[in-house]
Amino acid sequence: MRMQCLDTKFFTSTSLVPMQLPSRMETHLWYVKPNEVKSEQLLNKYLEFLPKSEKEHVFSMRGDELRKGALLARALVRTTIARYQINQVSPRSLKFRKNIHGKPEVDWQQIEDWHPQQLHFNISHTESLVACGVTTHNPIGIDIEEKERKIKHSISSFAKRYFSQQEVQLLSSISDPEIQRQEFIKLWTLKEAYVKALGRGFSGSPFKTFTIRSAAASKESIHLSESSSFENSDIVVESLEDSTNHTGDWQFALLELAGSHYAAICSRKDCANIGSHPMKIGVWRTIPLVEDEYVSGTNSVIAVGGLM
Amino acid sequence: MASFTASSISFTPLSSSLNLNKGLAKSSVSLSINGISFPSHGLKSVSRRFSVSCAAKPETVDKVCEIVRKQLAIQPDVAVSGDSKFAALGADSLDTVEIVMGLEEEFGISVEEESAQTIATVQDAADLIENLVEKKGSA
């Protein structure tokens, strides 16, 4: 295999630890914290992975932090997918395209020695965290938000404008404003993750047309934080449109990530998953090419709902 | 020749506070507009339309800029104008939805999901607003 000539011997593509694809019932989640990536040499290395069009996109962002975030998002998605390849593939050689609704996917045919994989991915990022979810055989959508995120409008007016009636009712039943804000953010991330998993775009699945709630909340107004003490802390989606939406096909997980974010993951249930088994998730904190740390089971990953 | 709506264009040696440009072409000139460096080979695709505004009034564009600035907490040294793309300013989906709500409140209009999806720049938003306000007026 040809080694690339670099400024430093540490930052090579072979520094990417190869990974086995997740099984059909598993989801892998990788995340980077921008404030942990300080080396300019490393950032330049990531930049080398990007084709011209992606570099231009990075440079079109207005401000250093935004540029860094955009760069890390592309570097994370490329290095993550490269890890799962059977042959050592350079992150640079991956090609992407969009499906008819605009959802990004890997274009396997464009890669030399291509080995098509049933690999699905989705990314989300905030100023302080970039995350990439990976599944096999089943589409995935993820969304992350800072726990402390404040919205400019009142939650009630926002919910009335964008959420379903049931969700509005649930949110307005919460008297503590801080808990209400947290529940709002969690609900937003779940709804975003669902729409991204469907891959039809925001207008393809308007937020008002479906309700996400905890399975325990059918009769009483139980919000997501309270439901974890119930036996069935499953998160479910209901369509308010016609019943052809197969909402029973989708499973959700909600977690607190790195102490700072809510992360919602939505994926289609595998056809082999006949019962209603909770999502199995493996989470890694990474600085691509430098270090990977498996953080499931630590304080960096706290289940809020839908997980075992 | 490149067409820009920015009022000043200066040629500076390759530089960037993140030093990201080192990864790019070795001998190329970088354009610096409002403190943002663009590699010269990228000019064609970073299309800055020469916009002849028979579209929205400047006051509308200004109001939109103001709402966007507030929502995204944009630093005073970052310019926001009709050409500015929401995504490039760091707007995520939650920001975009809040911006749309802010515009609805400010202008007394109602924006449909499909229309909201087509707004990519400040100019797009201003044009849509004037369209909706006009329709409202003639209804």
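A note on names: the letters A, B, ... follow the listed sequences, proteins ahead of strands, and every chain is numbered from 1. On a predicted model such as this, the values are computed, not experimentally measured, just so you know. Scope of the values below: all heavy atoms of this structure, side chains included, with no hydrogens, waters or symmetry mates.
The minimum heavy-atom distance between A:Lys191 and A:Ser164, with the atom names listed, is NZ-N, 4.5 Å.
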TODO: I would like to know whether B:Glu104 and A:Arg161 meet side chain to side chain contact (heavy atoms under 4.5 Å, CB included); could you show each step before the answer?
DONE: CA-CA 11 Å; B:Glu104 288 180 332; A:Arg161 173 71 178 76; 2.8 Å; yes
- [ ] Under the side chain to side chain contact (heavy atoms under 4.5 Å, CB included) rule, what do B:Leu94 and A:Phe158 come out as? Steps first, then yes or no, please.
- [x] CA-CA 10 Å; B:Leu94 188 46; A:Phe158 192 107; 3.5 Å; yes
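Counting heavy-atom pairs closer than 4.5 Å to chain A, the top residue among B:Asp95, B:Val80, B:Ile74 is B:Asp95.
Between A:Phe207 and A:Phe163, the ring planes lie tilted relative to each other; the angle falls in the 30° to 60° range.
Heavy-atom distances place the side chain of A:Leu66, and not its backbone, under 4.5 Å from chain B. Residue A:Tyr46: no heavy atom, backbone or side chain, is found under 4.5 Å from chain B. There is no contact between A:Glu127 and chain B, counting heavy-atom distances below 4.5 Å. Proximity to chain A is absent for every atom of B:Lys85, based on heavy atoms less than 4.5 angstrom apart. Neither the backbone nor the side chain of B:Ala116 has a heavy atom closer than 4.5 Å to any heavy atom of chain A. B:Glu105 touches chain A through its side chain: at least one heavy atom from C-beta onward sits under 4.5 Å away, while N, CA, C and O do not. In this structure, chain B has heavy atoms under 4.5 Å from both the backbone and the side chain of A:Ser157.
No more than 12 heavy atoms of other residues, nucleotides or ligands sit less than 6.0 Å from atom CD of A:Gln165.
By the 6.0 Å and 45° rule, A:Arg149 does not stack over the aromatic ring of A:Tyr262.
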